[in-house]
J.: 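Can you read through this structure? Questions will come right after.
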Amino acid sequence: MNMKALWFALCATIACMGAQNASAALNNPTNADSKTVGAVAQSKLSLNKADQQQLEAIPGIGAKKAQAILEYIKQHGPIKDKKQLMEVKGIGEKMADRIAGFVSFG
């Protein structure tokens, strides 16, 4: 999936759910209803199943960081959470926070 397709899919999902509900679900999932939270979670990219191109479509991820993520997964297995994502070379806490908003770890 290229960047335009990923962006379109994300925008279409948000438009269908209503931007306000999606924003509330992303910012505070405990206050959102389960349907909204589930729809937002489904629109996220599976980090451990993504290819180079899909990873590069995530804002802030270029070719180098995408390759570093793929290499980490190859060497250490699936990334289970944001804390483990910070073990990838070049990804600190701020970058992990940003990436976590676009991906699922399952």
J.: Would L70 and K74 count as a side-chain contact (heavy atoms from CB on, under 4.5 Å) here? Give the steps.
T.: CA-CA 6 Å; L70 292 172; K74 185 177 177 181; over 6 Å; no
J.: I would like to know whether V103 and I79 meet side-chain contact (heavy atoms from CB on, under 4.5 Å); could you show each step before the answer?
T.: CA-CA 11 Å; V103 300; I79 297 173; over 6 Å; no
J.: With rounding to the nearest 0.5 angstrom, report the NZ to CZ distance, K44 to F105.
T.: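 Nearest 0.5 Å value for the NZ-CZ distance: 8.0 Å.
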J.: Is the number of heavy atoms from other residues, nucleotides or ligands within 6.0 Å of CD (E71) greater than 12?
T.: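 Result for CD/E71: enclosed.
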J.: Enter the distance from K65:NZ to L55:CG here, rounded to the nearest 0.5 Å.
T.: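 Answer rounded to 0.5 Å: 12.5 Å.
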J.: Could you measure the distance from the CE atom of M86 to the CE atom of M95? Nearest 0.5 Å is fine.
T.: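 Those atoms lie 13.0 Å apart.
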J.: Provide the closest heavy-atom pair for G106 versus S46 in the form atom of the first, atom of the second, distance.
T.: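 Smallest interatomic distance, heavy atoms only, reads O-OG, 3.3 Å.
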J.: Working to the nearest 0.5 Å, report the span between CD of E56 and CD of Q67.
T.: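 E56 atom CD to Q67 atom CD measures 9.0 Å (nearest 0.5 Å).
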J.: Return the CD1 to CD1 distance between I91 and I61, rounded to the nearest 0.5 Å.
T.: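 The CD1 atom of I91 sits 5.0 Å away from the CD1 atom of I61.
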J.: Could you state the interatomic distance from NZ (K82) to CG (L47), rounded to the nearest 0.5 Å?
T.: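 Between K82 NZ and L47 CG, I get 13.5 Å after rounding to 0.5 Å.
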